[in-house]
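Along the sequence shown, residues carry numbers from 1. No experiment lies behind these values; they were computed from the predicted model shown.
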Amino acid sequence: MEVKIRTRSALMRLIALAMFLTLVWAYAQLEWGAPQGVRQRAVQARGSILAADGRVLATSVNGKRVYPQGPLAGQLLGMMGDTEGLEGLEAAYNGALTSGQNLKLTLDTQIQAAAEAALAKAVPEHEAEYASALVLETRTGRVLAAASYPPFNPNEWRKYSQEAVRNRPFLDVFEPGSTIKALVVAAALNEGLTTPNTLYSTPMSRFVGGRWGSRIGDAVAHPSTLTTQGILRYSSNVGMSHIVEHFEPKDMRGYLSRYGFGQDVQIPVIPAGTGQLRPLSEWGDLVRATNAFGQGMSSTNLQLVSAFNVLANDGQYVAPRLVEGAGGVERREVLRPEVARTTRQLLLNVINEGIFSQAGIKGYDLAGKTGTAQVVVDGRYSSTVYDSVFAGFLPAEAPRVTITVMVHGAKVRHHGSQLAAPIFREISAQVLSGWGAVPHAQNEE
C-alpha cells in the first residue's frame, strides 16, 4: 500500500511539473513572441500601405512584412516586429493595419524619389551629417514628398541605428534662419508697416536693444540703403531690424503663431515635433529683431513648409496631411490675398535678381528664400556648425507646390544659397518635368 502511495505521489509531481513547464512555455511565447503560425497569420492579415499613385509601399507576403520600393519613404513607413509596428506609419496606424485596413498616403512616388535623389547627391558632396526635404501640394496641404537622408531600408531594419530610422522632416527641430524674413516681411506688409519700395538705412552692423542689447550684423556686402525688396535680396539682418522696429511684439509674435510656429501641427496620429517661440514676456527689442531673421526661434521642416505655404496659398494656412482622408482640415487666414501675391513677387525677384544660378531654372518662375543658421552647440552659437535652409514654391504667380530643404552640418559650402537652394532647384526641375510644364521664353541669368 505504501509503495502505491509513493508511486502515485511521484506521478502527481511529474504531472504538476509538466503543467508548470507548459505554462512557462506559454508565458514565454506571450513575452517573447507568438508561435510562428500565429505570427504568420497576424502578418498575413495586416493591411498594405499604398502611395497616392497606387504603388505598394508595404505589404505582407508568406507571413513576412515586405517593402517593395526598398528605401523609398523608408523613414515614413517605419517597420514592424513579429506582430506589430515598431516605428513610423507601421506603428502610428498599427491598429488599423492589424485589423486588415489598407492605408493610402498622399505621397507621389516620383516626387518622393526625386527629393531623395537630390539629397543623396548633394549631402555627401558637401560632407553634411543629415538632411530632409518636403513637397506640399499648395491648395490641399497634401504631402507629396517627405525625404530624409541618410536613407533607410525597412526590409533590412535590423542593420540600421535608431538615428537612421528617424523621420527627420517631421521630427527634427532647428532654427530656420533667414527664410523667416519673407514671412515677417509679409506680416509687416499686411499691417501697413512697410511697402516693397520703402527705403531703409542699412549699415553692415547695428546695435539693437538698448542697455541689454547686442550688435547684429550682415554677412553679405550690400549698399548702405536698401528697400524692403533689397533687404530680402541681400538677406540683411540690419534691414529686418528696421522693418520690425514699430511692429508691436504681441502682433508680430501673433503672426508667427498663426503661421504655425510654436504650435503643434494638426496632422493626425503621426508623431511630429514642435518648435518654439519665446514667451511674449521676453520679447524686447533684441528678441523682436532676432526673430525677424529666424534666430532665437525654432521649427520643424513640416512647420516651415506649412508656414511658407501660406504665401503660396494666397494667405491661407492649411494643415498638412499625409494619409488620404486624415488631416488637412484646419484652415485660417493669415494674410490678405494681395499681400501674399506681392510677397511672392518679391521672392521671385530674390531668385531672378540674386541667386538665379543656384535656385532658378530658365523658362520657369520659381520663388523662394535662403537661410543659413548657426547651430547652438553646448549653449552657444557655433562658428563651424550650420543648418542650410531653403523655402520656396512654384510656379511663382500661381503656385502648385511648396518645397522646403534643410541640411545639417555641412563641412563644404554650408550657405543656404550654396547647398539648400540647388537641392530646391533639382527637386523643382523634376516636379516640372513630371508635369510636362512648357517653359516660357525668358528668364536670363
Side-chain angles (χ1 to χ4, degrees), residues 49-58 66-79 87-90 105-137 142-157 159-172 174 270 272 300-302 304-305 320 322-323 359 361 368 387-394 401-410 419-435:
I49 302 177
L50 311 170
D53 52 19
R55 290 201 178 187
V56 178
L57 301 175
V66 295
Y67 303 89
Q69 310 304 323
L72 187 76
Q75 288 90 346
L76 279 178
L77 298 173
M79 70 281 190
E87 294 283 353
L89 290 166
E90 293 278 27
L105 308 184
T106 60
L107 289 186
D108 181 310
T109 54
Q110 289 188 327
I111 297 178
Q112 177 73 26
E116 291 183 8
L119 294 181
K121 177 184 177 184
V123 175
E125 285 181 358
H126 292 260
E127 298 179 19
E129 293 181 37
Y130 56 80
S132 68
L134 278 159
V135 182
L136 205 68
E137 190 173 67
R142 296 169 73 247
V143 177
L144 303 181
S148 298
Y149 186 89
F152 164 70
N153 188 341
N155 289 304
E156 303 172 332
W157 63 267
K159 296 181 180 179
Y160 292 85
S161 68
Q162 190 64 32
E163 278 295 296
V165 184
R166 187 173 176 82
N167 182 17
R168 295 192 176 279
F170 284 39
L171 295 174
D172 283 358
F174 57 95
I270 304 163
T300 63
N301 211 339
L302 185 62
L304 181 60
V305 76
L322 179 63
V323 176
I361 301 174
D387 286 331
S388 175
V389 189
F390 194 92
F393 33 79
L394 65 141
V401 296
T402 301
I403 302 173
T404 52
V405 176
M406 192 283 281
V407 184
H408 173 81
L419 176 50
I423 296 173
F424 164 81
R425 179 186 61 197
E426 181 64 26
I427 297 171
S428 298
Q430 295 302 315
V431 169
L432 290 164
S433 176
W435 291 344

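- Summarising the geometry of A147 relative to E116, their closest heavy-atom pair is CB-CG, 3.6 Å, with the distance given to 0.1 Å.
- Once rounded to the nearest 0.5 Å, the distance linking CD1 of I111 with CD of Q430 reads 10.0 Å.
- Looking only at side-chain heavy atoms (C-beta outward), I403 and L394 come within less than 4.5 Å of each other.
- Between L72 and Y67 the shortest side-chain heavy-atom distance does not fall below 4.5 Å.
- In terms of heavy-atom proximity, P169 sits nearest to S148 at CD-OG, 3.1 Å.
- Within the 4.5 Å cutoff, side-chain heavy atoms of L76 are placed close to those of L107.
- Remark: L89 CG to L57 CG distance equals 9.0 Å, nearest 0.5 Å.
- Taking each heavy atom of Q75 and P150 in turn, the nearest pair found is NE2-O, 2.9 Å.
- The minimum heavy-atom distance linking N301 with F174 is given by the pair N-CE2, 3.5 Å.
- Contact of the L302 side chain with the P320 side chain is registered, since non-hydrogen atoms from C-beta on lie closer than 4.5 Å.
- Taken to the nearest 0.5 Å, the CG atom of D172 stands 5.0 Å off from the CE atom of M406.
- Aromatic ring orientation, F152 versus Y160: perpendicular (interplanar angle above 60°, classes split at 30° and 60°).
- Counting only heavy atoms from C-beta outward, the side chains of F390 and I427 never approach each other to under 4.5 Å.
- Shortest non-hydrogen contact noted between L134 and A146 is CD2-CB, 3.6 Å.
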Exercise for review: Go through the steps to decide whether L304 and V389 satisfy the test side chain to side chain contact (heavy atoms under 4.5 Å, CB included), and finish with yes or no.
Suggested key: CA-CA 10 Å; L304 181 60; V389 189; 3.7 Å; yes
Exercise for review: Please step through side chain to side chain contact (heavy atoms under 4.5 Å, CB included) for the pair E129 and H408, ending with a clear verdict.
Suggested key: CA-CA 6 Å; E129 293 181 37; H408 173 81; 3.8 Å; yes
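- In this structure, CG in D108 is found 5.5 Å from CG in D53, a value given to the nearest 0.5 Å.
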Check your understanding: Does the pair E87 and N167 meet the rule for a side chain to side chain contact (heavy atoms under 4.5 Å, CB included), with working shown?
Key -> CA-CA 9 Å; E87 294 283 353; N167 182 17; over 6 Å; no
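- Closest heavy-atom contact between L50 and G54: CD2-O, 4.3 Å.
- The CD atom of Q69 lies 12.5 Å from the CD1 atom of I49; values are rounded to the nearest 0.5 Å.
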Point to revise | Full working for side chain to side chain contact (heavy atoms under 4.5 Å, CB included) between S428 and I361 | key: CA-CA 9 Å; S428 298; I361 301 174; 4.1 Å; yes
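- No side-chain donor-acceptor contact under 3.5 Å links T402 to the backbone of L136.
- Note: L144 CG to L322 CG = 10.5 Å, rounded to the nearest 0.5 Å.
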